[in-house]
Amino acid sequence: MSQDTLKLLVSQAAADYVLAHTPAGAVIGIGTGSTVNYFIDVLAERKVFGSRFSGAVSSSNASTSRLQMHGIEVFELNQIETLPVYIDGADEINPHGQMIKGGGGALTREKIIAMVAKTFICIADVSKRVDTLGHFALPVEVMPIARSALSRKLLALGGMPVLRTTSNSTPYLTDNGNQIIDVQHLNITDPLTLEAEINSWPGVVTVGLFAKRPANLCLLASAAGIETIQ
Ligand code: 5RP
């Protein structure tokens with residue numbers, strides 16, 4: 001079974017779950033990435049917006065465009081007081097629901113929406129499941145002025161910091177106008193402490209470790225079916 005098929009299957013399962021567990025009229029949180037793109041398309045196909053849900057808040061310009069392309073209303077987070085559910089993918093997820101996120105560059109807005117949401121549902125194919133986080137390079141969104149100083153600090157932590165670039169070899173810029181350092185070769189045995197440590201450094205906007213606010217529920221697709229981890 002291809003990875004794309006798994007992404008579609010997990011998106012269909014997530015749509016079933018969200019429809020069964022979310023109050024009518026709610027605004028729902030939508031993340032970023034290729035798995036979430038399938039999820040957006042599944043919800044659009046089922047025509048749930050406008051009827052069952054009022055609209056969405058989105059964690060990136062890319063997801064906002066995709067939602068709007070389907071005619072789905074996208075609200076600013078500042079307009080919303082409660083968000084029953086946030087659905088997003090992950091680059092890695094461990095058995096505690098802690099994740100590395102930010103492969104798509106949207107980690108800051110993802111973390112903000114995850115903070116507001118009552119329930120965070122992670123959707124992924126089984127290749128994202130790990131025992132210990134860190135095989136996937138840890139994204140850290142930084143203010144450009146702090147890039148070199150923070151790279152040295154990340155190196156001192158034992159990682160290999162690499163500035164994310166575009167295909168033109170220019171620094172990749174997030175939707176917030178910041179840069180991303182991807183930290184390779186970390187073996188993250190204490191995600192909570194590492195998240196707090198990196199977040200405490202001036203110039204760090206967000207570290208892509210979601211340990212303090214893990215997923216409440218994870219739907220993982222494999223050839224054997226959908227596994228639910230709570
Ligand atoms: C974007 C993210 C994504 O959730 C993560 O990169 C997974 O993406 P995909 O579903 O394409 O594998 O954190 O910032």
Side-chain angles (χ1 to χ4, degrees), residues 1-15 18 28-43 56-67 77 85-94 97-115 117 119-130 133-142 162 164-166 172-184 186 188 191 195 198 204-222 226 229:
M1 212 177 263
S2 75
Q3 215 177 2
D4 280 336
T5 305
L6 295 177
K7 288 175 186 181
L8 174 61
L9 290 177
V10 80
S11 296
Q12 290 167 338
V18 169
I28 64 172
I30 302 281
T32 298
S34 56
T35 315
V36 164
N37 284 346
Y38 277 102
F39 181 67
I40 293 172
D41 295 350
V42 167
L43 290 182
V57 293
S58 147
S59 70
S60 64
N61 296 344
S63 289
T64 295
S65 299
R66 197 174 189 98
L67 287 158
L77 187 62
V85 67
Y86 176 54
I87 303 95
D88 200 356
D91 298 303
E92 282 186 349
I93 182 159
N94 74 11
Q98 298 169 321
M99 297 164 283
I100 287 183
K101 291 183 47 53
L107 58 163
T108 298
R109 297 186 190 189
E110 289 170 350
K111 212 173 244 197
I112 294 168
I113 299 177
M115 169 186 76
T119 303
F120 184 154
I121 301 177
C122 173
I123 55 173
D125 65 82
V126 74
S127 69
K128 307 293 182 71
R129 179 169 48 197
V130 297
L133 299 171
H135 186 71
F136 189 92
L138 177 66
V140 184
E141 180 167 348
V142 303
V162 177
R164 191 178 295 186
T165 53
T166 65
Y172 170 90
L173 287 183
T174 67
D175 287 349
N176 315 308
N178 297 309
Q179 295 175 349
I180 289 187
I181 300 171
D182 290 304
V183 192
Q184 302 172 350
L186 288 172
I188 306 174
E195 181 179 7
I198 297 177
V204 169
V205 179
T206 304
V207 57
L209 258 180
F210 286 60
K212 190 170 175 208
R213 203 292 179 238
N216 302 99
L217 177 75
C218 180
L219 301 178
L220 278 184
S222 71
I226 305 292
I229 302 172

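Keep in mind that this is a model prediction, so the values were computed, not measured. Throughout, numbering of the chain's residues begins at 1 and tracks the sequence. Read the numbers this way: they start at 1 and go in the same order the structure lists the ligands and their atoms.
- Residues meeting the side-chain hydrogen bond (donor to acceptor under 3.5 Å, both in side chains) test with Glu110, sequence neighbours left out: Lys101.
- The two residues Gly208 and Leu107 make their nearest non-hydrogen contact at N-CD1, 3.4 Å.
- Within 4.0 Å of ligand 1, the residues that place a heavy atom are Thr32, Gly33, Ser34, Thr35, Asp88, Gly89, Ala90, Asp91, Lys101, Gly102, Gly103, Gly104, Gly105, Ala106, Glu110, Lys128, listed by chain and number.
- Remark: Asp41 pairs with Arg66, His70 by the side-chain hydrogen bond (donor to acceptor under 3.5 Å, both in side chains) rule, at least two apart or across chains.
- Proximity of Asp88 to Cys122: side-chain heavy atoms (C-beta onward) are nowhere separated by under 4.5 Å.
- For the residue pair Thr206 / Glu141, no side-chain donor-acceptor distance below 3.5 Å is found, with atom types taken as modelled.
- Under the ring-ring contact (aromatic ring centres under 6.0 Å, His included) criterion, Phe120 pairs with Tyr86, not counting sequence neighbours.
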